[in-house]
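Atoms within a ligand are numbered from 1 in the order they appear, just like the ligands themselves.
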Amino acid sequence: MEHDLSILRDDSLEAIRVARSEAELERVETDLLGRNGKFAAAMKRLSALSRDERPRIGKLIQEVRRTIDQALADRKRTFGTHRHTFDPTLPGERPVRGHVHPITTYSRRIIEVWRSFGYDVHEGPELEEDWYNFEALNFPKDHPTRDMHDTFFIKGRPDLVLRTHTSTVQARSVFHRKPPLKFVEIGRVYRHEATDAKHESTFTQCDGIAIDRHMTMAHLVGTLHVFFKRMFGDDVKIRTRPSYFPFVEPGIEMDLQWTINGKTEWLEMLGAGMIHPNVMKSLKLDPKKWNGFAFGMGFDRLVMLSYGITDIRMLYNGNLDFLKQF
Ligand code: PHE
């Protein structure tokens, strides 16, 4: 019986080794371990043995069985790995691609138009000196004009604020340069306001400035008209209204006509005006020699209209499910 078992083991291992396909291996397995297989036959012979012999031979049969199980499993794995080898005919796996935020898309479009008019693009810090945000722009200290902006102040640093507008660029970028100058700045601004679908404490503005000799309101209004036409097409309807900002004189606001859900409305787009002589003096420029215009627009609302976004907070909360749609 021992001899028969060692032959069974050697034959089985050989049959497993030479099996050339998974199907063939399956046949070998049935032949060995199936209900009418060689192992079943060996077990039957075990019951015919004497009580003394049974435990020893039984143990031998189990050992042979373990060896064969192991050999079958190993061989199966080699077929398995063959199936997963590189197949150049399968389609590739595409890496996930990101894309820019809708605000960035819009910023780039706006910058492209201003660059085509010969404007430079400047940057400034979001944590700004009070002087650049207010003082240099003719908002005197403790004057009620400061209440126009609900400001985030910095604890222990009365000289710093989170900038409330990108008009800071007027003072920052002009101070160390010589006119004639023209440039824009795009960036985030912050106001301490209650937030809702239409208001967020963080939003995005684009300010611009042009300083030269003999600049007029006609230059300002004409430039902004061309800008809006380049952005939205020649048919865009523009309205100009007088307004007040401490750093310009005279000041204006411009509205664009939009049709939203079948309703036609004027939407406020920007503030602008001729740079106030006091601002020129803060910048150490002689207002008799130099003058210019400035404008500042928030464009979150335009982004929302273009994409049909109904809640401004979606633009700033980093929700990927939302952002992946663009
Ligand atoms: N900074 C102003 C605002 O945030 C807009 C503005 C810019 C007005 C430049 C006039 C000139 O509302």
Side-chain angles (χ1 to χ4, degrees), residues 107 110 114 119 121-126 128-140 143-152 161-175 181-193 198-212 215-225 227-228 238-256 267-280 282-283 285 287 290-302 312:
S107 305
I110 289 173
W114 287 110
Y119 282 65
V121 180
H122 288 208
E123 280 183 2
E126 292 174 16
E128 182 57 281
E129 289 172 36
D130 182 280
W131 193 82
Y132 287 111
N133 196 85
F134 291 124
E135 199 91 345
L137 296 178
N138 202 31
F139 288 83
H143 190 276
T145 49
R146 289 214 186 195
D147 297 343
M148 285 173 77
H149 293 194
D150 305 293
T151 311
F152 284 111
V161 296
L162 281 180
R163 68 177 176 192
T164 58
H165 52 178
T166 43
S167 301
T168 49
V169 71
Q170 295 185 27
R172 243 188 199 283
S173 294
V174 171
F175 207 51
L181 292 166
K182 48 185 193 214
F183 46 75
V184 292
E185 167 160 356
I186 285 191
R188 285 189 174 195
V189 300
Y190 303 87
R191 293 200 195 165
H192 191 287
E193 285 179 348
K198 285 194 171 155
H199 301 90
E200 176 57 291
S201 53
T202 302
F203 53 104
T204 310
Q205 283 191 335
C206 171
D207 261 70
I209 187 170
I211 297 180
D212 209 324
M215 300 285 271
T216 68
M217 280 294 273
H219 292 120
L220 169 61
V221 173
T223 303
L224 291 173
H225 272 229
F227 168 74
F228 283 128
I238 306 163
R239 181 171 82 174
T240 302
R241 292 178 286 113
S243 185
Y244 170 77
F245 302 94
F247 37 93
V248 289
E249 179 60 35
I252 58 167
E253 281 181 33
M254 272 191 183
D255 309 327
L256 292 191
L267 289 184
E268 182 193 321
M269 291 306 309
L270 56 76
M274 303 308 290
I275 299 169
H276 198 290
N278 287 351
V279 175
M280 286 298 198
S282 299
L283 304 181
L285 292 176
W290 301 102
N291 74 339
F293 61 72
F295 54 85
M297 61 188 95
F299 57 93
D300 299 81
R301 201 192 273 161
L302 279 182
I312 183 173

Can a donor-acceptor pair be found, under 3.5 Å and without considering hydrogens, that links the side chain of His149 to the backbone of Thr151? no
Would a distance-only check, ignoring hydrogens and angles, find a side-chain to backbone donor-acceptor pair under 3.5 Å from Asn133 to Thr164? yes
Taking ring-ring contact (aromatic ring centres under 6.0 Å, His included) as the test, write out the residues that go with Trp290, two or more places apart. none
N-O pairing of Arg172 and Glu128 below 4.0 Å: yes
Within the 4.0 Å heavy-atom sphere of ligand 1, strictly under, residues: His165, Ser167, Gln170, Arg191, Gln205, Asp207, Phe245, Phe247, Val248, Gly271, Ala272, Ala294, Phe295, Gly296
Heavy-atom side-chain contact between Ile275 and Phe247 under 4.5 Å: no
Within the structure provided, determine whether Glu135 and Arg146 are in side-chain contact (heavy-atom separation under 4.5 Å). yes
